[in-house]
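In what follows, a structure is listed as structure tokens, so that the remarks can point back to it.
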Number of protein chains: 2
Amino acid sequence: MAHDNTELAHPARDDLRLTDVLFALSDPERLAIVRQLVDGPLEMAQCHLSDPSMPKSTKSHLMKVLREAGIIRNEPLGRGRRLSLRYDDLEARFPGLIGSVLDAAADT
Amino acid sequence: MAHDNTELAHPARDDLRLTDVLFALSDPERLAIVRQLVDGPLEMAQCHLSDPSMPKSTKSHLMKVLREAGIIRNEPLGRGRRLSLRYDDLEARFPGLIGSVLDAAADT
DNA sequence: GAAATGGTTCGAAATTAATCGAACCATAGG
DNA sequence: CCTATGGTTCGATTAATTTCGAACCATTTC
């Protein structure tokens, strides 16, 4: 087919809203996901949660909140998904923010 | 009486939790309050909200969320309240965080 | 000490967010 | 093509947050 309908919508860099970003990061599980992406992209199946028995619909929802806030990118890769941190976009829009959040989350 | 019961509870510096701080800052109205405190303490009555007709119980609740997250201090002063940003505590616990949030909120 | 001012707290109602099963969709591999 | 794998979406339920009036409390002022 000419067009891949598994592409999800991502907000443009300039459309990122600070309060949405802060909200998405304010959940421990979502913050833990972001921390796993700081060293590079990850296949979603390799991205693990605190509770391994969490249903996939819940995991998918966590990813949706992060994606819609503009924090992560979620693109099809093979039969799975590739997740990546939108570090450059975040840094351009909110300088220093994501770095300080990740630093603060590091010493836990 | 020996003890002033109008003193509210504030979390100690070491008890501040990152996710609570992010959550408290993720609301536009609360973020706007914090911005008003960056230049120094303010009497609560002088701290204005986007909607001037907002009931005082709602305003008080906004302050409670900020206070319980450890972002602001709320102490009795005369017949009112004095609000201040806990900048030093935030900076000590989460270096760079509050500054980058305020910077990001500045260019709106 | 009575009234006015400024704010907290409580409880109920409304809004919003999280959870999760079921149904569905796409790709990869037999 | 059939099946397994990986993930999204929908809808319903539950949980958490917000909102706001009413009652209450403390301080100042008269």
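Protein chains get the first letters and strands the later ones, always in sequence-line order, with residue 1 at the start of each. Computed from heavy atoms alone, side chains included, the values below leave out hydrogens, waters and symmetry copies.
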(request) Kindly point out which of dT9(D), dA23(D), dT9(C) is positioned nearest to the side chain of Ser60(B)? (result) dT9(C)
(request) Report the nucleotide, chosen from dT9(C), dT8(D), dT28(D), that has the shortest atom-to-atom distance to any side-chain atom of Arg79(B). (result) dT28(D)
(message) Quick check on Lys59(A): does its NZ atom have over 12 non-hydrogen neighbours (other residues, nucleotides or ligands) under 6.0 Å away?
(response) yes
(message) Nearest 0.5 Å, please: how far is CG in Asp89(B) from CD1 in Ile71(B)?
(response) 12.0 Å
(message) Nearest whole Å is fine: how far is dT9(C) C1' from Arg81(B) CZ?
(response) 12 Å
(request) Would you give a per-nucleotide map of nucleotides 16-21 of chain C, 5' to 3', where B means the base has a protein non-hydrogen atom under 4.0 Å away, S means only the sugar-phosphate does, and - means neither? (result) -SSBBB
(message) On a heavy-atom basis, which atom in Thr6(A) and which in Arg81(A) lie closest, and how many Å separate them?
(response) O-NH2, 2.6 Å
(request) Could you tell me the separation between the CE atom of Met63(A) and the P atom of dG7(D), rounded to a whole number of Å? (result) 9 Å
(request) Taking only the side-chain nitrogens and oxygens of Asn74(A), find out if one of them lies under 4.0 Å from OP1 or OP2 of dG7(D). (result) no
(request) Specify the separation, in whole Å, of atom NZ of Lys59(A) and atom P of dG7(D). (result) 6 Å
(request) Would you mind reading off the distance between Glu29(A) atom CD and dA16(D) atom P, rounded to a whole angstrom? (result) 15 Å
(request) For Arg73(B) and Arg86(B), work out which heavy atoms get closest and say how close. (result) NH2-CG, 3.6 Å
(request) Quickly work out the Glu7(B) CD to dC25(D) P distance and round it to whole Å. (result) 18 Å
(request) Grab the CG-C1' distance between Leu77(A) and dT27(C) for me, whole Å please. (result) 11 Å
(request) Answer with base, sugar-phosphate or nothing: what part of the nucleic acid does Met44(B) contact at a heavy-atom distance below 4.0 Å? (result) sugar-phosphate
(message) Whole angstroms only, please: what is the CZ-P distance between Arg82(A) and dT5(D)?
(response) 24 Å
(message) Taking transitive links into account, so neighbours of neighbours count too, which hydrophobic residues share a cluster with Phe23(B) at under 4.5 Å side-chain distance?
(response) Phe23(A)
(request) Could you tell me whether the side chains of Asn74(B) and Arg67(B) share a donor-acceptor contact shorter than 3.5 Å? (result) no
(request) Find which nucleotide of DNA chain D each of Gly80(A) and Arg67(A) is nearest to by heavy atoms, and output the residue with the more 5' nucleotide. (result) Gly80(A)
(request) Round to the nearest Å and state the distance from Leu8(A) atom CG to dG6(D) atom P. (result) 18 Å
(request) Could I get the full list of side chain to side chain contact (heavy atoms under 4.5 Å, CB included) partners for Leu102(B), not counting sequence neighbours? (result) Val34(B), Arg35(B), Val38(B), Leu85(B), Ile98(B)
